[in-house]
Number of protein chains: 2
Amino acid sequence: MSRREEVARLAGVSPRTVSNVVSGAVTVAPATRQRVLDAIERLDYRPSEIGRMLRKGRTGMIALVIPDIESPYFSELGSALTDAARRRGYTLVIEQTDGVRDRELELLARADTKAVFDGLIVNPLALTDEDLNRPTPRGRPIVLLGEETHPGFDHVHIDNFAAAQDAVRHLLGLGRTRILALGAQRKGHSSSSLRLAGFEAVIAESDATGSVEYVDSFSRASGAAAVERVLERGPAPDAIFCFSDVLALGALAALADAGVAVPDEVAVAGFDDVEDGRYVRPSLTTVSPAKDVIAEAAIDALHRRIEGDDSEPAHVLAPYRLVTRASTISGDRVGAPLRRTDR
Amino acid sequence: MSRREEVARLAGVSPRTVSNVVSGAVTVAPATRQRVLDAIERLDYRPSEIGRMLRKGRTGMIALVIPDIESPYFSELGSALTDAARRRGYTLVIEQTDGVRDRELELLARADTKAVFDGLIVNPLALTDEDLNRPTPRGRPIVLLGEETHPGFDHVHIDNFAAAQDAVRHLLGLGRTRILALGAQRKGHSSSSLRLAGFEAVIAESDATGSVEYVDSFSRASGAAAVERVLERGPAPDAIFCFSDVLALGALAALADAGVAVPDEVAVAGFDDVEDGRYVRPSLTTVSPAKDVIAEAAIDALHRRIEGDDSEPAHVLAPYRLVTRASTISGDRVGAPLRRTDR
DNA sequence: TCCGGCGTTTGCATCGAGGCAAGAACCGGC
DNA sequence: GCCGGTTCTTGCCTCGATGCAAACGCCGGA
């Protein structure tokens, strides 16, 4: 019944010889090889990947643990990671946590329990060091994305502090004086913290006044709601630095609804450089992290760990750049923003 | 060395008994069970999923073959499918084809070759009937999404023809008379064809004049470029029915850049109801397919096939609804569009 | 004619889990 | 004390592939 046996019978050899032909590791007489290949062709035999997995103790699968694949930043990153993984011969499985700590924990435990993954790439939102250490005594390697610098793990990130500074300096350079930071979070989430720190550092050494608006999550709805609160409270800022593009997209919607002109009355900058931001009007000034570099570096680091590298944890700093578009730069150039800002 | 053996030794039983305790299928004496459970706990033993896969001939993994996870419609659908799959105990693996037929073929072949997936959910863009039949003589079940009604396969879709009709009738009901269909495609892609057919059917029985603009792909860039062509060519339509929301988002950008007022001069409707359409301004009127129903139905159908059901191919028709927003309905209500149109 | 040596082929064991049925232990009943 | 019948435990085999090393066949050389 077993397919390999059938091939062997048809070719008049032992099952073992079929394996030898398939793997190519051992020398097989050309005549025999040909007979086996013909039989394989005739019977359409394919070696079972599961059998190989069992033998090798490897599955070739990597889990990507992120809050939410619907969010454009993560879907773009997920896409880049999927491609990078495939290039290295891995299959990427996307697991969504919705940013809930219990769910992040459950997934880590499950990933470890089922032992189906050769390694994990995790973008934690709410995990503590102990959380991360607990579920992998077995030693599935983990690479972290984002700013959670848990000790002992490889880590790929951009300089959120510097990037935030660049964005805020850009706003100051436009002559804005009342800057709102939108997207601080009450708990956890060090990306937010670092962006906030960058914001505050620049504000502190400037003449401008800064204010901070908190959100529960990075979403368009949160961004819009936050701006509504801010406008109601008054006086309105003349620039908003949003900690993510989806927040900024929500903010733009709320500003438009309130009849506030962007960028003339309020300049808006985001963070992530998602596709939507290029096509919203006014198009969105934003910090653009090199997502493909991040993806490549993460897969690369994980691959090395899977291959047994046990050197010190690596911390890869990926580049970013500030992309200025119409949401902060007004006027004459708005006619052809697509050409100017598209990559 | 083998973990199960260690557990057995520590508990003073045979390896087989450990399996019996774990699976729970066979009766084990309470005292023995407890000793084994203690040993499992002490040694932190987890049964290997790979071993189970080999034994059962099932992996619990489903492949989702789509053009592109970055595209918001597919990322939203992917998210819904991931959740639905998990609820049924499956793990979903997302494979991107970029809409290229060779890549779609390669993935189907690979999925079959590696035999890692229990089944596939495929949203084909360019596959022919023979393509689909060729690579699965082995019989991995396939469920198709979208409008490609290849015979012999389960199939989940919405009534694209009727939905397009609804959208166009909505535009006509606003008094528009020069309607542009944006998103027809030269080759393959029957979703486009059906939406085009719906458009033409309604136009034919109306007094309005219809025109059609072709695109190479569903993307914001294509939508923007198409509108630029149309405006250049003149005279401008007074309504545009876009065959997808990303096309519409590109169209809105191009219209804004050209200084064309939406909806006053041109009304714009889309298709898919992606998140960004709710937050762009003006917010986007669109056909909203019930994505969670689609996801649930697809996983459900595939699950039944995996379980051995070999009844006639099922064709599931998921509901949709037309969501009217500010891009077609002007004026007084624009102040609070979020509340009015959000689900 | 016999033997060493080479190239090729094959059997055995292993990676974990679990279906099957035989074996072991124990019970009450006569 | 012995027997039939439970209840529990265990060994064997299979799912596929493959590392390892033994076995095989064939060659030329002594």
Side-chain angles (χ1 to χ4, degrees), chain A residues 1-37 39-40 43-61 89 112-118 138-140 306, chain B residues 1-40 43-61 89 112-118 138-140:
Chain A
M1 191 84 320
S2 161
R3 289 214 150 282
R4 195 182 56 164
E5 265 61 15
E6 289 177 24
V7 173
R9 215 175 310 137
L10 181 58
V13 296
S14 80
R16 192 61 250 260
T17 301
V18 176
S19 283
N20 287 338
V21 170
V22 170
S23 72
V26 192
T27 43
V28 176
T32 314
R33 138 168 273 108
Q34 196 50 52
R35 255 183 308 137
V36 171
L37 287 176
I40 286 175
L43 298 178
D44 191 36
Y45 162 81
R46 321 285 172 86
S48 148
E49 200 61 19
I50 303 176
R52 283 199 175 132
M53 288 177 184
L54 181 59
R55 191 72 242 268
K56 309 243 181 201
R58 296 267 185 87
T59 62
M61 301 203 304
D112 189 59
T113 298
K114 298 221 159 189
V116 167
F117 300 113
D118 292 342
R138 182 120 8 157
R140 301 270 164 232
I306 292 172
Chain B
M1 190 89 316
S2 160
R3 290 213 149 284
R4 194 182 54 165
E5 266 62 14
E6 289 177 27
V7 173
R9 216 174 310 139
L10 180 59
V13 296
S14 79
R16 191 62 251 260
T17 300
V18 177
S19 283
N20 286 339
V21 170
V22 170
S23 71
V26 192
T27 43
V28 176
T32 314
R33 136 168 277 108
Q34 196 50 52
R35 257 183 305 136
V36 171
L37 287 177
D38 289 349
I40 286 175
L43 298 178
D44 191 36
Y45 162 82
R46 321 285 172 86
S48 148
E49 200 61 21
I50 303 177
R52 281 197 177 136
M53 289 177 182
L54 182 59
R55 187 76 241 268
K56 308 243 180 199
R58 295 265 186 88
T59 62
M61 301 202 304
D112 190 58
T113 298
K114 299 223 158 186
V116 168
F117 300 113
D118 291 344
R138 184 122 4 158
R140 300 269 164 234

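Treat the numbers as computed from the prediction; the structure is a model and nothing was measured. The sequence lines fix the lettering, A, B, ..., with proteins before strands; numbering per chain opens at 1.
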What's the closest nucleotide to the side chain of [X] if the choices are [options]?
X: B:Arg4; options: C:dT8, D:dG16, C:dA17; answer: C:dA17
X: A:Ser19; options: D:dT10, D:dC8, D:dT18; answer: D:dT18
X: B:Thr32; options: C:dT8, D:dC8, C:dT10; answer: D:dC8
X: B:Asn20; options: D:dT10, C:dG16, C:dT9; answer: D:dT10

What is the distance, to the nearest angstrom, from the [atom1] atom on [X] to the [atom2] atom on [N]?
X: B:Met53; N: C:dC15; atom1: CE; atom2: P; value: 19 Å
X: A:Arg9; N: C:dT9; atom1: CZ; atom2: C1'; value: 19 Å
X: B:Leu54; N: D:dC13; atom1: CG; atom2: P; value: 18 Å
X: B:Ile50; N: C:dG18; atom1: CD1; atom2: P; value: 13 Å
X: B:Glu49; N: C:dC15; atom1: CD; atom2: P; value: 19 Å
X: A:Arg46; N: D:dA17; atom1: CZ; atom2: C1'; value: 17 Å
X: A:Arg3; N: D:dC15; atom1: CZ; atom2: P; value: 13 Å
X: A:Arg58; N: C:dG16; atom1: CZ; atom2: C1'; value: 18 Å

- prompt: Using a cut-off of less than 4.0 Å, is there contact between a side-chain N or O of B:Ser14 and OP1 or OP2 of D:dT10?
  reply: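 Answer yes for this pair, as a side-chain N or O of B:Ser14 is under 4.0 Å from OP1 or OP2.
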query: Would you say a side-chain N or O of A:Thr17 is under 4.0 Å from OP1 or OP2 of C:dT10?
result: yes
message: What contact category does B:Val22 fall into here, base, sugar-phosphate, or nothing, at under 4.0 angstrom with non-hydrogen atoms?
response: nothing
message: Base, sugar-phosphate or nothing for B:Arg52? Non-hydrogen atoms, less than 4.0 Å.
response: sugar-phosphate
- prompt: Between B:Thr32 and B:Val28, is there a donor-acceptor pair closer than 3.5 Å when you use the side chain of the first and the backbone of the second?
  reply: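 A pair under 3.5 Å: no.
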field: Separation between CZ of A:Arg3 and CG of A:Asp44, rounded to the nearest 0.5 Å
entry: 7.0 Å
query: When rounded to the nearest 0.5 angstrom, what distance separates CG in B:Leu10 from CZ in B:Arg35?
result: 10.0 Å
- prompt: Of the non-hydrogen atoms in A:Thr59 and A:Asp118, which two are nearest, and what is the gap between them?
  reply: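 So the two residues come closest at N-OD1, 3.0 Å.
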- request: Could you pick out which residue, A:Val26 or A:Pro15, lies toward the 5' side of DNA chain D when each is mapped onto its nearest nucleotide?
  value: A:Pro15
message: Go nucleotide by nucleotide along DNA chain D from the 5' end; which of B:Gly51 and B:Pro30 gets its closest nucleotide reached first?
response: B:Pro30
task: Would you state whether a donor and an acceptor, one from the side chain of A:Arg55 and one from the base of D:dT18, lie under 3.5 Å apart?
output: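 Such a pair is found, so the answer is yes.
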message: Can you tell me whether the side chain of B:Arg16 and the base of C:dG19 have a donor-acceptor pair closer than 3.5 Å?
response: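 It does, because a donor-acceptor pair links the side chain of B:Arg16 to the base of C:dG19 below 3.5 Å.
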query: Does A:Glu5 reach the side chain of A:Val18, with side-chain heavy atoms less than 4.5 Å apart?
result: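 No. Closest side-chain heavy atoms not under 4.5 Å.
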